[in-house]
Amino acid sequence: MSLKVYNTLTKRKEDFVPQEPGKVRFYACGPTVYDYFHIGNARPFVVFDVFRRFLMYRGYQVIYAVNITDVDDKIIKKANNEGVSIREVTQRYARAYLEDIYKLRILPPDVNPRATAHIDEMIELIRKLFENGYAYEVDGDVYYDVGRFKDYGKLSGKKIDELQSGARIEVDERKHNPLDFALWKSARPDEPWWESPWGNGRPGWHIECSTMSMKYLGSTLDIHAGGEDLIFPHHENEIAQSEAATGKPFARYWMHNGFLQIRGEKMSKSLGNFLTAREVVKRHKPEAVRLFFLQKHYRSPINYSEEILSETENALMRLKHVLENIERTLEGKKLSEIEEKDLTGPEKQRWESLQKNRLRFIQEMEDDFNTAGAVGQLFEMAKIANRILEEEELSENNQKILKFIHRTFHEFDSFLSLFGAEEETGVETGTFNQLVNILVQIRNDLRAKKEWALADEIRNKLMESGILIEDRKDGTSWKPVKKNKNN
Ligand code: AMP
Ligand code: ZN
């Protein structure tokens with residue numbers, strides 16, 4: 001079976017055919033770094049991480065990019081409220097984001113571009129929109145001329161006329177059309193700004209994603225993903241900008257996750273009904289949080305409650321215990337592979353069911369990433385393992401069946417990340433040591449330049465991560481120490 005993906009653009013499930021065979025250019029909208037991300041925001045980060053890794057498991061070369069929005073109204077507001085610089089806010093929460101995704105066992109994206117490092121490219125893209133007749137300037141603000149883009153509304157299914165008559169759009173006499181959105185905002189006091197051909201100012205949110213996605217993945221992406229609240233206006237506007245600039249289709253498949261709800265309402269910062277992901281992983285295993293998301297189809301709404309999380313944690317532990325029991329039972333045993341011809345009776349039946357479960361798991365994943373159906377197969381396999389483990393006599397064939405179950409769980413864990421121990425994150429000890437050495441070297445260079453604050457920050461952060469740096473006359477050394485539990 002080939003992979004099928006539900007495409008928000010066509011509103012149907014389609015065969016997944018990337019533009020270049022074997023290669024997937026995948027972009028997901030990332031966080032705006034003005035606060036810790038909540039457990040609702042964690043849903044797209046987790047599910048798209050699994051989809052990316054499943055595509056890799058199926059043999060695709062995947063380039064996965066997730067942006068960091070580090071210039072935005074909410075960030076400016078936060079910095080002003082706290083009386084600190086914008087940079088301080090964005091650095092604090094960008095770092096927290098990286099820490100949190102690591103905790104949730106999300107692999108770092110291949111590219112993690114920050115908006116403020118791409119201002120020149122954004123200006124270039126806006127210039128292109130002027131050249132093609134889709135942008136206009138009023139008093140240093142630059143707008144996108146929605147009326148000029150004939151396909152406007154093709155993703156969200158909204159019609160320009162209906163939107164215009166919508167009561168929620170404020171009338172701004174300076175705009176050609178009330179739906180026109182800002183590509184560039186002129187500088188206001190106490191706001192960050194950059195120079196541009198239209199005067200000092202900062203980019204609009206939508207142009208950030210168009211610019212960064214196309215810079216790293218090319219004019220046409222294979223998959224563009226995000227939460228369903230981003231369909232309109234964010235993704236609609238990204239399409240309008242990108243296609244008007246390049247004349248090419250912007251993304252082949254649009255994927256959107258449903259909302260995480262709490263007490264029947266969408267979890268959101270503005271409603272104040274949120275729990276940060278870091279609070280949740282203090283109370284529940286990060287793997288249980290992953291399983292919680294994976295047990296539901298990514299497009300369906302999902303309800304959060306402490307009870308559901310605890311139940312999920314129990315379910316996860318049941319699966320983990322099966323794996324541990326198998327390990328204990330098979331410890332030190334050298335088993336060859338199963339020869340199907342030798343199987344008879346209940347062993348044959350078990351073997352055949354397991355084959356079906358394994359196949360079904362992959363089929364569910366290939367059916368628009370139906371992780372809920374796929375994970376169900378793991379529980380079926382665990383049932384068979386338990387039945388075998390309860391038997392008094394353990395035949396060699398049953399041992400081989402247990403080995404097969406164990407191996408299959410770990411095979412799928414390459415993208416589920418539910419069972420592996422912390423050491424199995426893919427970073428080998430050698431690489432880890434090398435990374436710490438690099439940090440120690442950077443710190444020494446900073447000290448030589450008398451940049452004490454940054455040097456101390458590196459030492460403190462390493463300490464928090466369980467690495468003690470010791471400065472001696474003959475140089476600097478480091479050693480791992482027990483982590484402080486309060487950190
Ligand atoms: P933000 O930082 O608010 O731009 O959100 C980051 C990502 O989380 C976006 O893809 C949003 O669509 C998504 N998101 C926000 N709230 C929820 C929610 N309650 N459930 C699922 N996804 C959400
Ligand atoms: Zn975006």
Side-chain angles (χ1 to χ4, degrees), residues 1-8 10-18 24 26 28 42-60 62 64 104-107 222-223 225 228 253-260 287-303 308 311-312 315-316 318-320 322-323 349-386 401 404-420:
M1 203 177 106
S2 65
L3 179 63
K4 286 195 160 38
V5 172
Y6 180 87
N7 191 348
T8 312
T10 55
K11 292 165 194 60
R12 21 180 211 95
K13 241 186 241 179
E14 293 175 18
D15 284 330
F16 178 70
V17 186
V24 181
F26 190 163
R43 187 178 198 190
F45 302 155
V46 169
V47 296
F48 298 128
D49 169 62
V50 172
F51 303 169
R52 166 209 190 185
R53 286 154 75 173
F54 178 71
L55 289 166
M56 288 160 71
Y57 164 81
R58 294 307 272 164
Y60 289 102
V62 184
Y64 185 53
L104 285 165
R105 305 177 66 94
I106 292 166
L107 288 189
D222 291 305
I223 301 176
E228 66 182 18
Y253 302 88
W254 285 88
M255 298 182 69
H256 293 98
N257 65 273
F259 292 139
L260 175 132
E287 294 86 349
V289 175
R290 290 180 73 91
L291 182 59
F292 162 69
F293 288 129
L294 299 179
Q295 279 187 319
K296 244 313 196 256
H297 193 280
Y298 73 95
R299 284 190 282 116
S300 309
I302 189 169
N303 285 312
I308 298 174
E311 280 163 24
T312 311
L316 175 76
R318 284 201 299 277
L319 293 178
K320 278 191 142 180
V322 170
L323 289 180
Q349 247 178 24
R350 278 171 186 157
W351 174 247
E352 283 171 358
S353 316
L354 285 169
Q355 289 303 315
K356 277 192 203 134
N357 293 139
R358 187 179 174 284
L359 193 66
R360 180 85 191 277
F361 181 103
I362 295 171
Q363 284 170 345
E364 294 286 8
M365 286 301 291
E366 292 197 327
D367 182 11
D368 190 28
F369 303 99
N370 183 9
T371 54
V375 165
Q377 300 306 309
L378 296 183
F379 287 96
E380 293 299 320
M381 293 170 110
K383 261 191 227 160
I384 298 178
N386 276 331
I401 289 176
F404 173 82
I405 295 173
H406 190 270
R407 207 182 48 207
T408 307
F409 269 52
H410 280 283
E411 175 190 344
F412 294 153
D413 210 39
S414 66
F415 46 90
L416 301 176
S417 246
L418 297 173
F419 311 118

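Positions are given from 1 along the sequence.
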Under 4.5 Å between any side-chain heavy atoms of [X] and [Y], yes or no?
X      : Y      : value
Leu418 : Asp413 : yes
Met381 : Leu354 : yes
Gln377 : Leu359 : no
Phe369 : Val47  : no
Glu14  : Tyr6   : no
Val322 : Phe379 : no

Go through the side-chain N and O atoms of Asp368 and Tyr298 and say whether any donor and acceptor fall under 3.5 Å apart. yes

Using a distance-only test with no angle check, is there a side-chain donor-acceptor pair under 3.5 angstrom linking Glu411 and Tyr57?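 Yes.
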
Taking all non-hydrogen atoms of both residues into account, name the closest pair between [X] and [Y] and its distance.
X      : Y      : result
Arg290 : Leu416 : NE-O, 2.9 Å
Ala288 : Leu316 : N-CD2, 3.7 Å
Phe415 : Met365 : CE1-CE, 4.1 Å
Val17  : Tyr253 : N-OH, 2.8 Å
Leu260 : Arg43  : N-NH1, 4.3 Å
Phe361 : Ala374 : CD1-O, 3.0 Å

Taking it one step at a time, do Phe54 and Phe51 satisfy ring pair (Phe, Tyr, Trp, His ring centres under 6.0 Å)? CA-CA 5 Å; Phe54 178 71; Phe51 303 169; 8.6 Å; no

Rounded to the nearest 0.5 Å, how far apart are OG1 of Thr408 and CG of Leu378? 9.5 Å

Between Glu366 and Lys4, is there a salt bridge with N-O shorter than 4.0 Å? no

Would you mind telling me which of Trp254, Tyr64, Tyr60 makes a ring-ring contact (aromatic ring centres under 6.0 Å, His included) with Phe26? Tyr64

